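This report concerns only the one structure given below.
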Amino acid sequence: MWPDRRLLALFKTEFPIVLAPMAGIMDADLVIAAAQGGALGSLPCAMLSVEKAREQVSIIRQRVSAPVNMNFFCDKAVDADPQREAAWKKRLAPYYQELGLDPAAPVNAANRAPFDAAMCALIEELKPEVVSFHFGLPDQALLTRVKAAGCTVIANATIVREAIWLEENGADAIIAQGAEAGGHRGMFLTENIHEQPGTFALVPQMVDAVKVPVIAAGGIADGRGIAAAFALGAAGVQIGTAYLRCPESKVTGPARTALAQARDDATAITNVMTGRPARGVANRVMREIGPVLPDAPPFPHAATAFGPLKAASEKLGKVDFTNLWAGQAVRLGREMPAAELTRALAGAALARLSRMAG
Ligand SMILES: Cc1cc2nc3c(=O)[nH]c(=O)nc-3n(C[C@H](O)[C@H](O)[C@H](O)COP(=O)(O)O)c2cc1C
């Protein structure tokens with residue numbers, strides 16, 4: 001028995017486990033597999049057009065009868081500053097030269113866009129059971145429409161102050177994203193990455209501060225981590241990194257190898273890849289110019305100049321400029337179909353919880 005059943009009631013899933021939305025490395029396939037295994041499947045929409053998001057949800061609905069979570073970014077969009085972009089390109093010029101690329105050639109802008117009215121209309125059309133937000137919440141008017149569509153709203157907090165803000169502004173459950181977590185830090189009321197608490201310290205303090213259920217995230221990758229999250233007062237877990245090597249993820253060959261070889265000390269928080277702090281396995285550019293640079297262009301513009309570098313380097317089988325987003329528990333990830341992994345995670349957690357109770 002799960003010690004806390006609030007998430008099961010809220011999401012109507014078999015297990016209190018959320019497959020983390022992971023923009024850029026997954027699509028409907030991983031959502032479907034995790035949902036078939038009993039988790040809440042999350043579709044990352046930050047890098048999708050409205051049409052693509054609609055198509056993906058339709059694929060999910062055709063293949064599995066389970067609740068679905070659509071995930072969006074809520075950053076305040078900032079225009080690219082040509083001067084800063086030029087300085088960034090200059091900084092990366094030696095890499096362009098090394099790969100025989102023309103730094104002056106036009107590049108497609110980074111394709112990450114915050115939640116907007118068009119996506120909100122899609123939510124009203126598709127009515128996903130759950131909508132989750134990263135980097136805060138959308139404007140009140142849009143959030144009211146999401147709630148009116150009947151969606152449960154969950155959002156990421158990296159410090160207690162953010163959790164309180166999210167609860168006051170309408171979140172039905174809060175994801176406590178500890179510093180161990182892979183991917184972008186969901187921080188939105190703070191900018192200091194050095195002050196970000198780890199999952200073990202964050203979860204109980206957040207549980208004490210808010211009434212809504214807290215979902216622990218960051219560094220949880222097996223039954224022990226899930227049981228620990230419940231011991232800390234969480235009502236469930238959101239897990240990303242542990243699913244990266246599932247066959248249904250879209251992590252490409254060389255990145256898959258880098259993840260498989262990564263150890264406990266392989267990751268770092270960096271802002272050079274996109275302009276926002278995110279945790280990933282340290283790649284060459286993070287090591288050589290970062291991991292943190294105050295003059296990286298703001299999110300998501302820092303990513304634009306990496307497009308050609310990433311493509312050229314990956315053609316050579318390298319991940320020098322590839323985002324290898326992953327959390328500190330990357331070593332615990334397993335190469336296993338996601339449905340099977342979900343059931344294994346839940347089974348191991350329940351066994352450990354019952355042993356702890358006995
Ligand atoms: C590859 C990758 C991509 C991510 N992309 C997103 C995203 O698009 N939206 C989001 O809310 N969180 C994203 N995250 C963060 C996860 O929601 C979650 O906080 C994290 O995976 C939990 O820590 P763990 O990776 O240690 O399990 C991403 C994480 C990873 C590893």
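Excluded from the calculations below are hydrogen atoms, water molecules and symmetry mates; all remaining heavy atoms, backbone and side chain alike, are included. We count ligands from 1, going down the list as the structure has it; atoms in each ligand are counted the same way. Note that the structure is a prediction, hence the values are computed from the model and not measured.
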Quick check: does Gly240 get an N/O under 3.5 Å from an N/O on ligand 1? yes
Ligand-side contact atoms (ligand 1) for residue partner Gly219, heavy atom cut-off under 4.0 Å: 24 (P), 26 (O)
Test your reading of the structure: does Gly183 have an N or O sitting under 3.5 Å from an N or O of ligand 1? no
Ile239 N/O to ligand 1 N/O under 3.5 Å: no
Which atoms from ligand 1 have a heavy atom of Asn156 less than 4.0 Å away? 11 (O)
Starting from atom 11 (O) of ligand 1, which protein heavy atom do you reach first, and at what distance in Å? Asn71 ND2, 3.1 Å
Is it the case that Thr322 and Glu314 place a side-chain donor and acceptor less than 3.5 Å from each other? yes
What atoms of ligand 1 come within less than 4.0 Å of a heavy atom belonging to Phe73? 7 (C), 8 (O), 9 (N)
Min over Gln177, Met47, Met22 of heavy-atom distance to atom 30 (C) of ligand 1 lands on Met22
Are Arg61 and Glu129 close enough for a salt bridge, meaning some N to O gap below 4.0 Å? yes
Taking heavy atoms and a distance under 4.0 Å, where does Thr241 meet ligand 1: side chain, backbone, both or neither? both
Any carboxylate oxygen within less than 4.0 angstrom of a Lys/Arg side-chain nitrogen, looking at Arg54 and Glu51? no
Mind checking whether Trp325 has an N or O less than 3.5 Å away from an N or O of ligand 1? no
Flag yes if Phe200 and Ile174 sit in one hydrophobic cluster, no otherwise; membership is Ile, Leu, Val, Met, Phe, Trp, Tyr, and two members link when side-chain heavy atoms are under 4.5 Å apart. yes
Those atoms of ligand 1 less than 4.0 Å from some heavy atom in Gly218: 22 (C), 23 (O), 26 (O)
At less than 4.0 angstrom from any non-hydrogen atom of Gln238, what atoms of ligand 1 do you find? 16 (C), 17 (O), 18 (C)
Considering both backbone and side-chain atoms of Ala23, is one of its nitrogen or oxygen atoms within less than 3.5 Å of a nitrogen or oxygen in ligand 1? yes
Looking at Asp320 and Arg287, is any side-chain nitrogen of the basic one under 4.0 Å from a carboxylate oxygen of the acidic one? no
Using distance alone, decide if ligand 1 has a nitrogen or oxygen within less than 3.5 Å of any nitrogen or oxygen in Gln328. no
Where is the nearest protein heavy atom to atom 16 (C) of ligand 1: which residue, which atom, and how far? Ala20 CB, 3.7 Å
Would you mind checking if Glu98 and Arg284 are paired as a salt bridge, meaning a charged N to carboxylate O distance below 4.0 Å? yes
Salt bridge Glu124-Arg145, side-chain N to carboxylate O under 4.0 Å: yes
Going by an N to O cut-off under 4.0 Å, is there a salt bridge joining Lys147 and Asp172? yes
Counting both backbone and side chain atoms, is some N or O of His184 under 3.5 Å from an N or O of ligand 1? no
How close do Ala176 and Val214 get, counting heavy atoms only, and between which atoms? CB-CG1, 3.8 Å
Might you confirm whether atom NZ of Lys315 has over 12 heavy atoms from other residues, nucleotides or ligands at distances under 6.0 Å? no
Among all protein heavy atoms in this structure, tell me which lies nearest to atom 14 (N) of ligand 1, with the distance rounded to 0.1 Å. Pro21 O, 3.5 Å
Check each of Gly182, Gly24, Ser249, Ala46 against atom 20 (C) of ligand 1 and report the one with the nearest heavy atom. Gly182
Following the transitive rule for hydrophobic clusters with a side-chain heavy-atom cut-off under 4.5 Å over Ile, Leu, Val, Met, Phe, Trp and Tyr, establish whether Val18 and Phe230 coincide in one cluster. no
